[in-house]
Number of protein chains: 2
Amino acid sequence: MTGDTARPRTADPELACPIAPVVDIVFSRWTTPILWALNEYGRQRFVELERRLTTITAKVLTQRLRQLERDGLVVRTYHPEVPPRVEYEISELGRSLAPLFATLADWSTANLGKVDQARLDYDAQARAGSRRS
Amino acid sequence: MTGDTARPRTADPELACPIAPVVDIVFSRWTTPILWALNEYGRQRFVELERRLTTITAKVLTQRLRQLERDGLVVRTYHPEVPPRVEYEISELGRSLAPLFATLADWSTANLGKVDQARLDYDAQARAGSRRS
DNA sequence: GCCGTTACTTTCCTCTAGGTACCTACTATA
DNA sequence: TATAGTAGGTACCTAGAGGAAAGTAACGGC
């Protein structure tokens, strides 16, 4: 129970970087796929999300959803029914990330190829032995 | 030597999320502070970066810089002088991330307070015992 | 009376990112 | 002679994130 909702806290390495806190909140592991799924497909139940993000485990999904709920990016609705039913949806605050994600998607389509090419070049150079015998 | 330049590869959990590859490249640990420092203060030597990102270790800094170099976001210049001198600067591709970082900074100033408030509310509710028991 | 379902929780285990510490080559300087 | 300084490389170790699997409550159905 201790520290369940506590953020891992990556210390203060980001002192030099004003965007570090946001990165910590928005781009920690699994958060982008979850937010994307909630934003794209609307309100969903736990199992729907679990099935959509095929490789996530229930434990981690719970952790991330709690974190996102605590940060106000996701709204959780619990229905105390016979088989419990819980629904998750993106909050207004979470939806305000949309333009950011759009910018990211734009950069992706425009430059991801360049990154791949850079990697090919780098690996070719490395294999050619230009760096260290 | 095996897998030094190889990306950790977070498997394929991000199948549902088109921006996942970019997140992997741009927002993996330490990359944003490094890119920010290079973009803000221009070309720098290894030790300058090390001192600026106060808590990073030399080993990790080397790893991240290699990774960024391989991805074409950072340019490394080696001067084979008496005491070795290496300079790092942001590449054109890296500089193309500037608007993205700007969007991020904007969202930060606008909404970081709301996240903090949401956390306070959530923690207060949790302490009030409304959830379980 | 047992199974199935949901949304977890808990326990145990593994794996690896990252930290510590020490090593390199080369020279200037004291 | 010894020490400092640069830009790492390398070996060892630990903490912690994340995975697997089982447990839980509460009820409906067979």
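Just so we're on the same page: letters track the sequence lines, and every chain starts at 1.
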### Task
Return the 5'-most residue of the pair Arg45(B), Gln63(A) with respect to DNA chain D, ranking by each residue's nearest nucleotide.
Arg45(B)
### Query
Is a side-chain donor or acceptor of Ser108(A) paired with a backbone partner of Ile19(B) at a separation under 3.5 angstrom?
no
## Note on the structure
Leu53(A) atom CG is separated from dG18(D) atom C1', nearest whole Å, by 15 Å
### Message
In this structure, how many angstroms lie between the C1' atom of dT9(C) and the CG atom of Leu65(A), rounded?
### Response
15 Å
### Query
How many Å lie between CD on Glu48(A) and P on dT5(C), as a whole number?
16 Å
### Query
Does Arg76(B) put a side-chain nitrogen or oxygen below 4.0 Å from OP1 or OP2 of dA7(D)?
no
### Task
Pick out which of Leu61(B), Asn39(B), Ile90(B) makes a side chain to side chain contact (heavy atoms under 4.5 Å, CB included) with Ile34(B).
Leu61(B)
### Task
Would you check if the side chain of Gln67(A) reaches a backbone N or O of Ser28(A) as a donor-acceptor pair within less than 3.5 Å?
no
### Task
Provide, to the nearest angstrom, the distance between the CH2 atom belonging to Trp30(A) and the C1' atom belonging to dG18(D).
11 Å
### Summary
From CG of Leu61(B) across to C1' of dG19(C) the rounded distance in Å is 14 Å
### Query
Can you tell me if the side-chain N/O atoms of Arg29(A) get under 4.0 Å from OP1 or OP2 in dG18(D)?
yes
### Query
Could a donor-acceptor pair under 3.5 angstrom be found where the side chain of Lys59(B) meets the base of dG8(D)?
no
#### Entry: Any Thr57(B) side-chain nitrogen or oxygen under 4.0 Å from OP1 or OP2 of dG19(C)
yes
### Task
Report yes if a side-chain nitrogen or oxygen of Arg66(B) is closer than 4.0 Å to either non-bridging phosphate oxygen (OP1 or OP2) of dG8(D); otherwise report no.
yes
#### Entry: Side chain of Pro84(B) - closest among dG9(D), dT6(D), dG18(C)
dT6(D)
### Query
Between the side chain of Thr31(A) and the main-chain N/O of Val26(A), is any donor-acceptor distance below 3.5 Å?
yes
### Task
Grab the CD-C1' distance between Glu87(B) and dT6(D) for me, whole Å please.
13 Å
### Task
Could you check how far CD of Glu81(A) sits from C1' of dC27(D), rounded to whole Å?
12 Å
### Task
May I ask you to evaluate whether Arg85(A) reaches the phosphate of dT5(C), defined as a side-chain N or O under 4.0 Å from OP1 or OP2?
no
### Arg51(A) CZ to dC8(C) C1', straight-line distance once rounded to whole Å
15 Å
### Message
Given 3.5 Å as the limit, does a donor-acceptor pair link the side chain of Thr62(A) with the main chain of Ala58(A), or not?
### Response
yes
### Message
Please pick, from dA7(D), dT5(C), dG19(D), the nucleotide with the shortest atom-to-atom distance to any side-chain atom of Val60(A).
### Response
dG19(D)
